Participant: 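Let me give you the structure first, and then I'll get to my questions.
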Amino acid sequence: MHAYRTHNCGELKKNDVGSEVRLSGWVHRVRDHGGLLFIDLRDHYGITQCVIEPENTNFATAETVRSEWVIRIDGKVDARSDDTINTTMPTGDVEVRISSLDVLSPARELPLPVFGEPEYPEDTRLTYRFLDLRRETIHGNIIKRAEIISSIRKRMTDAGFFEFQTPILTASSPEGARDFLVPSRMHPGKFYALPQAPQQFKQLVMVSGFDRYFQIAPCFRDEDARADRSPGEFYQLDVEMSFVEQDDVFNAVEPVLRGLFEEFGGSKPVTQKFPLIPFWQSMRLYGTDKPDLRNPIEMSDVSGYFRDSGFKIFAGLLDKHQCGRDWFENAEVWAIPAKSGGSRAFCDRMNSWAQGEGQPGLGYIFFRDGEGAGPIAKNLGEVPTAKLRNELGLEDGDAVFFVAGVPNDFAEFAGRARTKAGEDLELLDKDKFEFCWIVDFPMFEWDEENKKVEFSHNPFSMPQGGLEALETKDPLEILAWQYDIVCNGVELSSGAIRNHLPEIMVKAFDIAGYDKSVLEDKFGGMLRALQYGAPPHGGIAPGIDRIVMLLCGTENIREVTMFPMNQQAEDLLMGAPGEVSSEQLKELHIRLNLPKT
RNA sequence: GGGGGUGUAGCUCAGUUGGUUAGAGCGCUGGCCUGUCACGCCAGAGGCCGCGGGUUCGAGUCCCGUCACUCCCGCCA
């Protein structure tokens with residue numbers, strides 16, 4: 001007989017009745033009736049009830065076992081009588097009548113119970129992560145994560161992609177996030193950096209002729225944490241393809257994500273064909289570049305109703321800002337229609353919420369008895385109000401909120417108002433995955449702080465219109481072949497068709513105020529690679545952690561990460577970061593210069 | 001770097017207007033219990049009320065500071 005088990009704790013069923021078995025596992029729960037004692041024995045696969053009686057020579061030992069001790073039992077599988085069958089557990093038809101019991105590893109009093117999963121402080125959970133990970137929910141999340149990653153690998157390799165590893169110790173890159181640095185022993189005063197993403201490597205893989213690359217890539221960024229963002233490290237499904245246009249990337253990636261969400265999404269419906277929404281349209285309809293399309297509210301420009309109208313506040317605003325750039329710098333009035341929000345109580349609640357957000361307020365009209373109510377409706381007049389209601393498709397019992405000013409300043413707030421109205425009125429169908437592509441991001445944006453034009457995303461993206469656009473158009477009007485995938489309001493990934501032509505890159509950097517020498521200095525390797533026959537290429541990098549979070553239905557990344565750091569970027573289990581010996585520092589030619597405390 | 005929230009038993013939390021000896025449930029320890037599966041019943045241990053200062057006759061409670069955790073902003077090409 002095997003030293004520890006003939007079966008696992010999740011597999012004994014009715015047809016095993018009568019067989020002699022050996023099980024090992026953790027004591028999940030003990031129920032001691034004095035003359036009869038039940039032990040729920042747990043392992044990765046499940047829980048099996050074991051029972052022992054006082055006549056048994058091991059009964060005294062059995063009475064000493066406590067939660068989370070590791071024990072081994074031998075015994076015979078018994079059918080439970082009809083009145084003792086537990087239909088809530090897979091092994092509930094049977095129990096094991098213990099013939100002998102051995103303690104393999106006792107446990108001290110628990111700082112963190114496994115059974116029942118009561119809420120526990122995060123630092124305790126992280127300090128005793130090995131106990132925390134035994135808990136059913138997070139144990140399941142971690143397994144699901146493993147299955148998701150395994151499925152991704154299969155889907156990608158089936159689609160003809162090769163998984164390559166790229167270096168972990170690499171060079172610091174000048175753009176983007178703060179790097180994690182690793183001192184070089186052999187080169188005093190020099191440092192490696194951990195990759196923020198394998199961006200340049202994957203492009204080099206394309207230049208090297210490998211055609212289709214993917215990697216479950218670890219990425220390192222030394223930035224502050226959020227609930228959905230680990231400090232330090234995270235994983236991307238990094239993808240790059242040669243000889244492709246935007247549509248080719250979409251056609252490669254979309255089925256992978258759709259299939260993945262259908263496989264692991266608990267049969268919630270998944271968008272079959274991801275709609276393409278241009279960035280500016282997304283800003284105008286939803287006030288954000290990561291819209292939650294489960295929210296049916298779409299905003300619209302209703303400036304026409306207010307220009308020279310009786311509602312002087314808006315009319316005045318519209319007059320005031322007129323001759324800026326056509327899309328975002330001229331004043332407009334946006335409507336946020338809110339189906340079923342037509343009560344004074346709800347409208348007032350939205351209004352005071354807006355004031356809490358630092359806004360002057362949130363104007364509204366609500367519709368009842370066939371007419372609009374509220375101060376704006378009064379000032380606007382009956383006929384325009386009715387026309388407005390028709391245009392927005394609203395009825396009695398509905399409301400519409402208004403945001404006025406320069407869209408560039410209020411769009412983000414309008415988006416949050418849209419989100420709040422949708423959620424408070426429960427207009428969202430939470431039981432689905434709504435995907436979209438956000439496309440046509442601007443290539444450059446105005447950096448108000450430094451009063452200059454900056455790259456708005458990745459400096460390696462190809463501008464739409466190529467060199468000609470860079471040379472002839474207003475930089476702020478140039479779009480890039482740059483795209484995001486958004487699911488349920490979560491930005492899952494960002495990607496682009498890359499710029500594979502050195503002269504375009506030189507010009508793009510020039511517009512952003514970087515001299516050619518900066519480009520050569522910081523991206524010399526990349527620039528050189530593009531000068532020896534580079535294929536047009538592009539890719540994308542969906543965030544693995546966020547995909548798993550969506551599929552596990554959790555808001556917190558630490559619920560889908562085995563050994564996460566806390567918000568202060570500390571690993572409480574391993575004690576990282578930690579001090580090192582003076583010998584180690586000496587070898588690395590490092591002398592500490594610590595802040596005074 | 002900035003802002004919000006939280007901090008009372010191992011844990012989750014209650015604690016009135018500032019007023020005697022700070023409570024409950026879970027867990028833990030001991031006892032009883034032959035069909036439980038959140039087993040039940042009885043008893044017990046367990047508290048620098050995060051820490052420091054202040055106001056007050058008196059502070060878990062009010063004020064100031066500080067620390068820890070967490071959420072957000074900045075940041076995240």
Side-chain angles (χ1 to χ4, degrees), chain A residues 28-42 47-56 59 63-64 66-68 78 80-89 91-92 95 97 107-128 172-179 195-197 199-200 219-234 356-358 412 416 441 443-445 447 449 454-461 480 482 491 494-496 498 508-509 512 514 522-523 541 543 555-556 558 566-568 570 572 597:
Chain A
H28 192 57
R29 189 82 173 151
V30 178
R31 289 176 298 281
D32 185 353
H33 289 239
L36 183 71
L37 188 149
F38 297 98
I39 295 173
D40 288 341
L41 195 65
R42 184 196 75 238
I47 295 177
T48 300
Q49 172 167 288
C50 307
V51 59
I52 188 168
E53 286 156 355
E55 302 79 60
N56 191 298
F59 191 76
E63 283 193 300
T64 67
R66 295 290 178 265
S67 289
E68 299 310 307
D78 263 6
R80 297 202 202 178
S81 64
D82 286 348
D83 55 328
T84 61
I85 285 173
N86 186 340
T87 53
T88 63
M89 52 198 289
T91 61
E95 63 192 4
R97 201 149 288 263
R108 293 164 55 173
E109 187 185 330
L110 301 175
L112 177 80
V114 174
F115 171 76
E117 304 190 53
E119 275 192 38
Y120 254 62
E122 190 120 28
D123 45 343
T124 307
R125 293 181 55 193
L126 294 179
T127 307
Y128 298 95
S172 176
S173 84
E175 297 262 333
R178 199 177 293 116
D179 284 315
Q196 295 179 23
Q199 177 64 37
Q200 292 191 63
C219 304
F220 305 90
R221 293 176 192 176
D222 186 6
E223 297 294 349
D224 290 347
R226 289 289 183 277
D228 62 351
R229 196 170 85 199
S230 288
E233 52 190 83
F234 60 96
E357 297 285 300
E412 185 255 354
R416 278 184 291 136
F441 279 86
M443 181 82 188
F444 300 100
E445 63 190 16
D447 178 354
E449 198 175 323
E454 231 340 326
F455 289 111
S456 56
H457 280 77
N458 189 321
F460 301 121
S461 298
Q482 171 92 38
E491 183 189 322
S494 187
R498 319 298 173 186
F509 274 74
Y514 299 106
K522 299 300 185 187
F523 303 105
E555 307 266 300
N556 191 317
R558 292 182 293 275
N566 67 10
Q567 200 173 39
Q568 278 63 245
E570 296 163 310
L572 297 174
T597 44

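None of these values were measured; they are calculated from a predicted model. Below, read A as the first sequence line, B as the second, and so on, with proteins coming before strands; counting in each chain starts at 1.
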Participant: Could you please name the option among B:U29, B:C11, B:U34 that lies closest to any side-chain atom of A:Pro121?
Facilitator: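 Nearest listed nucleotide: B:C11.
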
Participant: So, under a plain 3.5 Å distance rule, would you say the side chain of A:Asn86 forms a donor-acceptor pair with the base of B:C37?
Facilitator: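 Answer is yes: a donor-acceptor pair is held.
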
Participant: So do A:Asn86 and A:Arg80 actually touch side chain to side chain, heavy atoms under 4.5 Å?
Facilitator: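 A:Arg80 reaches A:Asn86 side chain to side chain.
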
Participant: Identify the heavy atoms of A:Leu126 and A:Leu572 that sit nearest to each other, and give their distance.
Facilitator: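 Nearest heavy atoms, A:Leu126 then A:Leu572: CB-CD1, 4.1 Å.
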
Participant: In whole Å, I'd like the distance from the CZ atom of A:Phe115 to the C1' atom of B:G25.
Facilitator: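 Whole-Å distance recorded here is 15 Å.
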
Participant: Taking the same atom, P, in B:A45 and in B:G7, what whole-Å distance lies between them?
Facilitator: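 Approximately 28 Å lies between the P atom of B:A45 and that of B:G7.
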
Participant: Would you measure the distance from the C1' atom in B:A22 across to the matching atom in B:C69 and give it in whole Å?
Facilitator: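 Looking at atom C1' only, B:A22 and B:C69 are 24 Å apart.
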
Participant: Select from A:Asp123 and A:Gln49 the residue whose nearest nucleotide in RNA chain B is closer to the 5' end of that strand.
Facilitator: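 Upstream on the strand: A:Gln49.
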
Participant: Please report the distance separating the C1' of B:G23 from the corresponding atom of B:A14, rounded so that it comes out in whole Å.
Facilitator: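 That atom pair is separated by 7 Å.
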
Participant: Please determine if a side-chain N or O atom of A:Arg558 lies less than 4.0 Å away from the OP1 or OP2 oxygen of B:C71.
Facilitator: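 Yes, because at least one side-chain N or O of A:Arg558 sits under 4.0 Å from OP1 or OP2 of B:C71.
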
Participant: Determine the contact category for A:Phe460: base if any of its heavy atoms lies under 4.0 Å from a base atom, sugar-phosphate if only primed atoms, P, OP1 or OP2 are that close, otherwise nothing.
Facilitator: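 No contact at all - A:Phe460 keeps every heavy atom at 4.0 Å or more from the nucleic acid.
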
Participant: Side-chain donor or acceptor of A:Arg29 under 3.5 Å from a matching atom on the base of B:U36?
Facilitator: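 There is none.
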
Participant: Looking only at atom P, what distance separates B:C72 and B:C62, rounded to whole Å?
Facilitator: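 Nearest-Å result for B:C72 against B:C62 at atom P: 28 Å.
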
Participant: Can you find a donor-acceptor N/O pair under 3.5 angstrom joining the side chain of A:Arg125 to the base of B:G10?
Facilitator: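 For A:Arg125, whose side chain was compared with the base of B:G10, there is no donor-acceptor pair (under 3.5 Å).
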
Participant: Out of B:C71, B:U70, B:C37, which has the shortest distance to the side chain of A:Ala227?
Facilitator: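 Of B:C71, B:U70, B:C37, B:C71 is nearest to the side chain of A:Ala227.
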
Participant: B:C32 and B:A9: how far apart are their C1' atoms, nearest whole angstrom?
Facilitator: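 To the nearest whole Å, 26 Å.
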
Participant: What's the closest nucleotide to the A:Arg66 side chain, out of B:G30, B:C69, B:A77?
Facilitator: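 For A:Arg66, the side-chain atoms sit closest to B:G30.
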
Participant: Starting the side chain at C-beta, find the nucleotide from B:C28, B:C11, B:A77 nearest to A:Tyr120.
Facilitator: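 Looking only at side-chain atoms, A:Tyr120 lies closest to B:C11.
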
Participant: Is any side-chain heavy atom of A:Pro113 closer than 4.5 Å to a side-chain heavy atom of A:Ser67?
Facilitator: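 Counting from C-beta outward, A:Pro113 and A:Ser67 never come under 4.5 Å.
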
Participant: Taking only the side-chain heavy atoms of A:Asp32 (C-beta and beyond), determine which of B:U12, B:C33, B:A77 contains the nearest atom.
Facilitator: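 Closest nucleotide among those given: B:C33.
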
Participant: For the C1' atoms, the ones on B:C49 and on B:U12, what distance do you get once it is rounded to whole angstrom?
Facilitator: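 Going atom to atom, C1' in each nucleotide, I get 16 Å.
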
Participant: Rounded to the nearest 0.5 Å, what separation is found between the NE2 atom of A:His457 and the CE atom of A:Met443?
Facilitator: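 Answer rounded to 0.5 Å: 11.5 Å.
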
Participant: Whole angstrom is fine here: how far is it from CZ in A:Phe38 over to P in B:C33?
Facilitator: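 Rounded to the whole Å, the gap is 16 Å.
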
Participant: Let me know the distance between CG of A:Asp179 and P of B:A77, rounded to the nearest Å.
Facilitator: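 The answer, rounded to whole Å, is 11 Å.
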
Participant: Tell me the partner of B:G65, counting only Watson-Crick (N1-N3 plus N6-O4 or O6-N4) or G-U wobble (N1-O2 and O6-N3) with both under 3.5 Å; none if nothing fits.
Facilitator: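 Base-paired to B:C51.
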
Participant: Does A:Asn556 have a side-chain nitrogen or oxygen under 4.0 Å from the phosphate oxygens OP1 or OP2 of B:C71?
Facilitator: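 Looking at the OP1 and OP2 atoms of B:C71, one of them is under 4.0 Å from a side-chain N or O of A:Asn556.
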
Participant: Using only heavy-atom distances, decide whether a donor-acceptor pair under 3.5 angstrom links the side-chain of A:Arg31 to the base of B:C33.
Facilitator: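 Absent.
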
Participant: Classify the side chain of A:Arg226 versus the base of B:G74 as yes if they form a donor-acceptor pair under 3.5 Å and no if they do not.
Facilitator: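 Side chain to base: pair found, below 3.5 Å.
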
Participant: Starting at CD of A:Glu119 and ending at P of B:A38, how long is that distance when rounded to a whole Å?
Facilitator: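 Distance, rounded to whole Å: 20 Å.
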
Participant: Rounded to whole angstrom, note down the C1' distance from B:U16 over to B:G53.
Facilitator: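 My reading of the C1' atoms in B:U16 and B:G53 gives 27 Å.
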
Participant: Determine, using ring centers only, whether A:Tyr120 and A:Tyr128 are less than 6.0 Å apart.
Facilitator: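 That pair fails the under 6.0 Å test.
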
Participant: In the structure shown, which nucleotide is the Watson-Crick or G-U wobble counterpart of B:C41, with both distances under 3.5 Å?
Facilitator: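 With both distances under 3.5 Å, B:C41 matches B:G31.
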
Participant: Mind listing the closest non-hydrogen atom pair of A:Ala508 and A:Phe455 along with its distance?
Facilitator: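 Smallest heavy-atom distance, with atoms named: O-CZ, 3.6 Å.
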
Participant: Please report the distance, rounded to the nearest Å, between CG in A:Asn566 and C1' in B:A68.
Facilitator: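 A:Asn566 atom CG is separated from B:A68 atom C1' by 10 Å.
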
Participant: Quickly work out the A:Glu454 CD to B:C75 P distance and round it to whole Å.
Facilitator: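 Distance check: A:Glu454 CD to B:C75 P gives 12 Å.
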
Participant: Using only heavy-atom distances, decide whether a donor-acceptor pair under 3.5 angstrom links the side-chain of A:Glu223 to the base of B:G74.
Facilitator: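 When only heavy-atom distances are counted, A:Glu223 does not reach the base of B:G74 through any donor-acceptor pair under 3.5 Å.
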
Participant: Watson-Crick or G-U wobble partner for B:A24, using a 3.5 Å limit on both distances?
Facilitator: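 Across all strands, the one nucleotide that pairs with B:A24 is B:U12.
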
Participant: How are the rings of A:His28 and A:Phe115 set to each other: parallel, tilted or perpendicular (split at 30° and 60°)?
Facilitator: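 If you compare the ring of A:His28 with that of A:Phe115, the planes turn out perpendicular.
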
Participant: Rounded to the nearest angstrom, tell me the gap between atom CZ in A:Arg80 and atom P in B:U34.
Facilitator: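 So the CZ-P distance, A:Arg80 to B:U34, works out to 19 Å.
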
Participant: Between B:G31 and B:U70, how many Å separate the two C1' atoms, rounded to a whole number?
Facilitator: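 Straight-line distance between the two C1' atoms is 42 Å.
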
Participant: Rounded to the nearest angstrom, tell me the gap between atom CG in A:Leu36 and atom P in B:G35.
Facilitator: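 In whole Å, B:G35 P and A:Leu36 CG are 7 Å from each other.
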
Participant: Among A:Glu223, A:Gln196, A:Arg221, which one satisfies side-chain contact (heavy atoms from CB on, under 4.5 Å) with A:Arg178?
Facilitator: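 Option passing the side-chain contact (heavy atoms from CB on, under 4.5 Å) with A:Arg178: A:Glu223.
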
Participant: Let me know, please, whether A:Ser456 or A:Gln568 comes out on the 5' side of the other along RNA chain B by nearest nucleotide.
Facilitator: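 The 5'-side residue here is A:Gln568.
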
Participant: Should the side chain of A:Arg229 and the base of B:C76 be counted as holding a donor-acceptor pair, with the cut-off at 3.5 Å?
Facilitator: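 Donor-acceptor pair under 3.5 Å: yes.
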
Participant: Taking atom types as they are modelled, would you say the side chain of A:Asp224 forms a donor-acceptor pair with the base of B:G74 within the 3.5 Å cutoff?
Facilitator: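 Flag set: donor-acceptor pair detected.
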
Participant: With centres under 5.5 Å and planes under 30° as the test, does A:His33 stack with B:U36?
Facilitator: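 No, A:His33 does not stack on the base of B:U36.
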
